[in-house]
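To start, the structure itself, in structure tokens.
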Amino acid sequence: MRSAIFVATMAVLMLLIALLVPAQAYAANARDFQPANIIQNHIFFNKNTMNAGDIQNFLNAKVNDCRAGYTCLKDYTTSFNSVGADAYCGGITGGTKSAADIIFNVAQACDINPQTLIVLLQKEQSLITDTWPTPTQYRIATGYGCPDTADCDSTYYGFFNQVYNAGRQFKRYVQQPHLFNYAVGRTSFVQYSPNAACGGTNLTLQNGATAALYNYTPYQPNAAAMANLYGLGDNCSAYGNRNFWRLFNDWFGPTNTGGYNVVVGPDNRQWLIFGSIKQHIPSAEVKRAWGFPDAVPAVEQFFLNAYAEGPTLDRLYRINGGSVVYFVDAGKRYPIPSLEMLTAWNLHGLPITSIPVSLAESHSEPGFLSYAVKNSSSSSLYMVDGRNGSGQTILRQYLYPNTFAAWEETGRITTVSDEYFETIDNAIGSPLTSTKIAYGGSEYQVVAGQKMPQPAHIAPLYPAVAQSVSEATFNRLRHTASATHLVRAAGGAEVFLIDNGQKHHVLSASILDAWTAPNYGLNIVNAGYLELIPTGAPITGYMASVSGQAYIVNRQKMSIPAGLSGVYANAGAMYSATSTLTNLFSTLGQQATGFIKPVIAPHIYLLDSSGKKRHLESADKAALWGAYQVGVTIVPDGLADAIGAAASPNVFVSDGTNEYVMDGGVKVVVGTQAKTNWGLSTPQTYTDGTLSRFSSGGSLEADSIRDGNLYAYIREGRAFVTVDQNIAQTWAIDSAPTRTSKLIKLLVPQHMLTRFVQSSAAGDNRTFIVDAGNWYAVSATHRANLGGPNEPTMSLDPDNAPSTITNWASIVVKDGSGKHYVIDGGTKRSFANVTIQNHWTGNNTLSVPTSTNGFLNLLPNNGTVERAVKGGGNEVYSAENSTKRWILSGQTYQQLYAPFATVDNRLINALPSGNSIP
Amino acid sequence: MKKKNVIVAAVFASLVLGGVAAYVYSQKDTGKTKYPGATAEERAETEARKPQLIKDNEAKTTPNDRSASTTPQTVTPVITSAGPEDGKVVVAAYIPGIFEEGGTCKLEATKDGLTVAATSEAFANVSTTNCAPFRLERSQFASSGTWSVRVSYQSESATGVSANQTLVL
């Protein structure tokens with residue numbers, strides 16, 4: 001049951017569709033009527049619009065119910081004799097035929113649109129819609145031979161006669177236009193009515209079809225007729241041409257589709273006609289390119305003569321003289337975006353026709369013309385490359401999809417007809433395989449419609465051998481920045497370095513920064529361009545090697561000496577580059593050393609031979625390792641960061657065999673005594689050969705060193721230092737070997753070196769004074785007289801004294817030149833004369849030690865001394881033979897000892913007492 | 001219930017058959033295009049025109065005594081154009097109201113007492129008689145300016161002269 005409903009419903013729908021769908025949905029509008037251009041040639045003369053069946057259908061449709069007793073046109077048949085072919089129409093075989101067949105036969109024989117004839121029959125005798133036509137209507141069906149105010153000529157009676165002669169006459173009008181009054185381009189006065197008093201206007205007829213209509217019926221509708229399109233006007237109205245136009249529009253669509261016509265002249269030459277211009281269509285190929293129909297109406301030479309001849313039609317046009325030039329192919333038009341495009345297509349110099357909008361609108365517009373072209377029946381894609389010396393278009397195949405993608409700015413492809421393609425594929429050049437081109441002795445990289453100059457020193461980076469291109473292609477590629485070694489696809493994140501014909505992914509921004517050479521920026525390319533370049537190993541580091549020479553790359557390049565290349569190779573990635581690449585980087589004057597420093601962080605590292613970085617924590621340590629002497633190599637932060645870290649270097653090191661301290665980048669051998677005195681225990685051992693990079697020189701001083709005005713006495717793992725040369729002299733180290741004090745700072749604790757030493761030995765409370773390296777035990781009174789009790793005193797085991805320790809008992813000392821002094825409470829007094837000196841020395845019998853200048857210098861001069869001295873008390877003493885004898889008698893004093901010198905009580909205390917002097 | 005089912009089935013069956021038949025019928029012609037019928041407006045116009053059409057047809061197809069007449073009828077040629085064309089001077093004219101072969105058209109152009117004359121053959125053209133357009137050499141006209149032209153027609157059955165028209169050279 002349901003299926004029955006479905007079938008029935010479908011059947012009803014089919015019925016409705018069959019009955020209701022109209023073929024035309026267009027109606028005439030009076031404002032569209034152009035009296036000088038009623039209908040266009042290509043419509044009027046298009047014999048292919050309807051076959052006999054269509055015509056019959058049409059006639060059937062127009063008369064639904066033919067009145068009884070009448071024969072309507074749809075059912076009308078008539079007999080006629082054959083007519084032979086003549087200058088205007090082909091022959092028609094006679095017989096008994098239907099009206100539809102006759103209309104069709106005449107249309108075909110005389111190259112007339114059957115619709116023209118149908119409309120003519122209606123216009124003249126209403127035969128299409130009449131439901132009760134009379135025999136007379138058939139007899140003079142087209143009004144042929146019927147003057148307005150006189151009898152019809154019976155010669156032309158009969159339906160076939162009427163249709164045939166009308167069709168033939170229409171053909172004659174365009175074939176022999178010189179015989180008739182109304183002609184294309186001629187300005188004629190066309191009356192509104194047979195009554196000349198009704199007036200008319202001058203019309204310059206636009207085409208042969210319109211001229212034919214006026215030659216057939218020499219009146220135009222007046223305003224009244226046009227104002228009432230489906231009815232009557234006034235007494236001056238004529239309706240023939242109005243009705244022809246109206247009926248044609250209503251029944252078959254617009255009669256004016258754009259103001260152009262395609263016609264064939266008597267010499268079989270075909271023409272495009274619009275406005276007052278005719279243009280020769282030189283070939284069937286061009287005709288198809290413009291999308292014109294194969295069959296076009298024939299016209300007489302006069303018809304053609306009325307038009308000025310424009311350039312021979314080719315494939316280029318402008319619309320109404322506009323600035324955009326179009327290329328036309330297979331009925332499609334392609335705007336040409338530039339003169340360069342025109343030239344690349346080898347279209348430059350071809351005539352450019354200015355055409356009306358209506359003609360242009362008959363062309364679809366798939367998009368701009370592109371440099372990429374293919375034909376519709378092949379997938380091979382070519383580039384238009386201008387013309388060769390023979391004027392042929394050069395085509396170059398984009399060998400790979402990526403070649404196309406790389407070369408062109410857009411993915412636009414112009415698909416031309418096979419027919420056109422065959423005219424341009426006669427000069428196929430070598431296929432395009434890469435983006436490297438040559439022109440005029442220079443090379444370029446092509447990308448996205450641009451050309452990047454590729455200087456000779458860049459070219460070897462890129463793969464492939466440059467391919468020659470034409471001037472047209474060269475010129476159409478827009479000039480842009482020079483090719484460099486760095487590329488990135490627009491919109492892409494990955495940057496690649498081009499070297500050795502490969503692309504190498506640059507892994508980080510900091511690596512990219514290092515590999516960016518001044519004046520060689522980053523080229524923005526496209527994905528296809530990148531795809532064409534084979535992929536090589538990524539760039540993961542900051543170093544390159546070329547033919548065994550290694551470099552650190554950081555916008556410039558720094559040579560790594562051969563002796564360190566292994567070290568650096570252990571430290572980080574070493575990209576094996578071509579010299580072409582490394583030559584882009586200027587070479588720094590200095591070479592890399594074994595010490596590195598990042599650009600930003602202030603850290604200096606020793607790069608050990610294992611490729612590890614070891615932090616030199618202080619400038620002193622860096623100096624001891626010799627970093628400043630050989631120079632510190634500034635490396636990219638990224639490189640420094642990437643190097644693995646090991647323990648900071650020590651100053652006391654071992655290569656597994658010998659022990660050294662580092663001093664200014666020199667290995668200094670550490671002997672047993674030195675090791676003991678410096679208190680060195682376990683060295684930092686390098687087994688990777690790091691130390692072999694350093695020269696060795698000398699041995700570490702075991703006893704003392706001097707560094708400028710600093711003197712150090714090394715004992716017990718300590719350094720006793722002074723900047724007082726006098727102290728140094730007392731210790732006899734004022735001539736110690738020079739050695740950097742940085743070693744002291746880094747290796748041992750420092751103490752003050754003093755002239756007094758307090759014993760550090762257990763249970764030993766002695767104090768010593770040191771002079772010329774000798775130690776003297778001093779009593780409290782002597783120490784006081786020497787000025788010592790409040791002086792800083794170093795502490796040291798007396799075992800370190802170089803020789804036997806004796807007691808200090810001297811009041812009088814002398815210098816190297818024999819000049820004598822009395823030590824007086826931390827000062828020294830000289831003798832004013834020999835008598836006094838003899839007095840103090842028992843006439844030189846006293847043992848007087850010779851002191852160093854340093855020792856003496858530490859005792860400030862305090863004037864001279866007399867034979868007699870007086871301390872803070874009232875007693876005056878005679879200092880006889882370095883004793884003190886109290887002079888009891890003032891008279892004795894005055895007679896024998898005066899004057900006295902006032903001295904420090906400490907001297908008084910230090911002088912042994914002798915017998916008093918009465 | 002059964003009766004009702006039978007009726008419904010019969011109605012659908014007839015609809016199916018009718019629809020299919022109509023569709024098949026509509027497809028029988030060799031032509032592919034379907035056309036709409038005459039509109040009410042077209043039918044009305046056809047009917048409105050019909051009385052005058054019959055009257056005119058009757059008049060035009062009933063033989064009269066024109067051919068027997070001994071005095072030529074008077075016609076008035078119409079000049080449709082007069083002017084330079086392709087280096088020549090072309091004048092076109094037709095004679096309305098007659099449809100015949102064998103007549104002669106004559107052109108007279110006058111200016112300042114000078115006359116340029118030419119003749120051409122006339123021939124039948126659908127509903128009129130056409131003068132083959134006159135083509136005169138420009139050199140036949142002695143001076144530029146406005147000439148006055150007229151075309152006369154002469155045949156066994158008709159004769160007449162057009163109104164004067166201007167010819168600007």
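Quick note on labels: first sequence line is chain A, next is B, and so on, each numbered from 1.
Taking A:P194, A:G200, A:G231, A:A61 one by one and counting their heavy-atom pairs under 4.5 Å with chain B, the maximum is reached by A:A61. Comparing A:L232, A:N215, A:L247, A:T134 by how many heavy-atom pairs each has under 4.5 Å with chain B, the most go to A:N215. Among A:L179, A:I55, A:D148, the residue making the largest number of heavy-atom pairs under 4.5 Å with chain B is A:L179.
For A:Y214, no part lies near chain B; criterion is any non-hydrogen pair under 4.5 Å. For chain B, the nearby parts of A:D130 are the backbone and the side chain; heavy atoms of each come within less than 4.5 Å. With a 4.5 angstrom heavy-atom cutoff, A:R168 does not touch chain B via any of its atoms. Proximity to chain B involves both the backbone and the side chain of A:Q137, based on heavy atoms less than 4.5 angstrom apart. Proximity to chain A (any heavy atom under 4.5 Å) is shown, for B:V91, by neither the backbone nor the side chain. B:T61 touches chain A through backbone and side chain together, each having a heavy atom under 4.5 Å away. For a residue to count as touching a neighbouring chain, one of its non-hydrogen atoms must lie under 4.5 Å from one of that chain's; by this rule A:F170 does not touch chain B. Both the backbone and the side chain of A:P218 have a heavy atom closer than 4.5 Å to some heavy atom of chain B.
Ring centroids of A:Y182 and A:Y216 are separated by 6.0 Å or more, keeping the two rings apart.
Inspection of non-hydrogen atoms places B:E41, B:E42, B:E45, B:T46, B:E47 of residues 40-48 of chain B under 4.5 Å from chain A. Listed in order of number, the residues of residues 158-169 of chain B that approach chain A to under 4.5 Å between heavy atoms amount to none. Of residues 118-129 of chain A, those residues with a non-hydrogen atom less than 4.5 Å from any non-hydrogen atom of chain B are, in numerical order, A:Q122, A:K123, A:E124, A:Q125, A:S126, A:T129.
For A:Y239, the ring pair (Phe, Tyr, Trp, His ring centres under 6.0 Å) test picks out no residue, with sequence neighbours left out.
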